[in-house]
2 protein chains.
Amino acid sequence: METNALGNPYQAGCATRRILDRIGDRWTVLVVGVLGEGDARFSELRRRIDGVSQKMLTQTLRGLERDGLVRRTVYPEVPVRVEYSLTVAGRTLLEPLRALQKWSIEHLGDVATSQDAYDRREQDASDRRELSAATPRAR
Amino acid sequence: METNALGNPYQAGCATRRILDRIGDRWTVLVVGVLGEGDARFSELRRRIDGVSQKMLTQTLRGLERDGLVRRTVYPEVPVRVEYSLTVAGRTLLEPLRALQKWSIEHLGDVATSQDAYDRREQDASDRRELSAATPRAR
DNA sequence: CTGTATCCGCCAAGATACTG
DNA sequence: CAGTATCTTGGCGGATACAG
């Protein structure tokens, strides 16, 4: 038999699910993306990642550091300087993320179109339901 | 200049972030994965996807249908039969998901190891903090 | 500058009950 | 069989205050 699609068993706890649990949150891929363009310090990341709060940036970086994907280097100057960079493992993650990005760029337009069409159908259906509710029986 | 890493601008709302907003939830990739192995009806998906509730399966399928990635076919028999299948666009999503799965399989072990090491360091640090709090000053 | 520590609102997701 | 309709809740993420 040929190896099929995505995993076997394809269940909660499978590899794909596990990695998505890690990168699926709002900020992780953004941080990895920025660090993929070069090392950066905390305030720089904060500036370059639109809308991230101090707390969430710290939390995201701690998670990535814990996973061994990001390295944190403290320079005990005054004031303290902290540099973040991708580890070797972290850099390997860029590849699959780029694959996902490529898919997005190629298909997100179609997805939006499909959504619009779907929503219009739903709206029509909803209208029809209202109408029939307003005139319960023909007279 | 060379095209760099992940997106440009790499911000909230970028393509990668948008697709992760769609597939980052708990069930979407599992549904796509199972459907990648062949068409299936509702109860079959429910059985094959460990732990999914009726509500979440319906919600996930509706989202994928709205995005044009899954097709829903109703056979008006008694009792009604509903078949779900990936659309052409839906099948193209399998590729980047497999890339992610590949990364996971190759690196998730290292990630777990890194996490353990990190947690042990944290635990030690925490122990040391407790100790110094218990003996505020040497005597 | 680079973080911790708290408090809080919101919403995704689960549990449960009901329906065509 | 394949859903819809509510109710509830855990936890993510934002805001704010404070600290090394």
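The chains referred to below are lettered A, B, ... by the order of the sequence lines, with proteins before strands, and numbering in each begins at 1. In what follows, every heavy atom counts, from backbone to side chain, and hydrogens, waters and symmetry copies are set aside. Remember, predicted model here, so these are calculated numbers, not experimental data.
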Among dA13(C), dA2(D), dT2(C), which nucleotide has an atom closest to any side-chain atom of Phe42(A)? dT2(C)
Any side-chain N or O of Arg72(A) less than 4.0 Å from the OP1 or OP2 oxygen of dT2(C)? no
More than 12 foreign heavy atoms under 6.0 Å from CZ of Arg26(B): is that the case here? no
Rounded to whole Å, CE of Met56(B) lies from P of dC11(C) at a distance of 15 Å
For the pair made of CG in Asp25(B) and C1' in dA13(C), what is the distance, rounded to whole Å? 10 Å
Spacing between Lys55(B) atom NZ and dC11(C) atom P, to the nearest angstrom: 14 Å
note: Gln54(A), atom CD; dT6(C), atom P; distance rounded to Å ~ 16 Å
Could you tell me the separation between the CD atom of Glu122(B) and the P atom of dG3(C), rounded to a whole number of Å? 13 Å
Give me the bend of the helix from dC1(C)-dG20(D) to dG20(C)-dC1(D), using the axes of the five pairs at each end, rounded to 10°. 50°
Distance-only donor-acceptor check, side chains Asp116(A) and Thr113(A), under 3.5 Å: no
Looking only at non-hydrogen atoms, find the nearest pair between Ile19(B) and Ser104(A) and report the distance. CG2-OG, 2.9 Å
Trp27(B) side chain, from C-beta outward: closest of dG14(C), dG3(C), dC1(D): dG14(C)
What is the distance from atom CZ of Phe42(A) to atom CZ of Arg47(A), rounded to the nearest 0.5 Å? 12.0 Å
Least distance between heavy atoms, Asp67(A) atom then Ser114(B) atom: C-OG, 3.3 Å
Tell me the closest heavy-atom pair linking Arg17(B) and Ile23(A), and the distance in Å. NH2-O, 4.5 Å
Please, which pairs that meet side-chain hydrogen bond (donor to acceptor under 3.5 Å, both in side chains) have at least one residue in residues 52-65 of chain B, sequence neighbours excluded? Arg62(B)-Tyr84(B)
Could you pick out which residue, Arg41(A) or Gln59(B), lies toward the 5' side of DNA chain C when each is mapped onto its nearest nucleotide? Arg41(A)
Phosphate oxygens OP1/OP2 of dA2(D): is one of them under 4.0 Å from a side-chain N or O of Ser43(B)? yes
Arg46(B) near the nucleic acid: base, sugar-phosphate alone, or nothing, with a heavy-atom cut-off under 4.0 Å? nothing
Using atom OH of Tyr75(A) as one end and atom P of dG3(C) as the other, report the distance to the nearest whole Å. 13 Å
What's Arg62(B) touching, base or sugar-phosphate or nothing? Going by heavy atoms closer than 4.0 Å. sugar-phosphate
Whole-Å gap separating P (dT4(D)) and CG (Leu57(B)): 11 Å
Atom CZ of Arg26(B) and atom C1' of dG14(C) are separated, to the nearest Å, by 11 Å
Hey, does Tyr84(B) reach any base, or is it just sugar-phosphate, or nothing, if we go heavy atoms under 4.0 Å? sugar-phosphate
Measuring to OP1 and OP2 of dG14(D), would you say a side-chain N or O of Ser53(A) lies under 4.0 angstrom away? yes
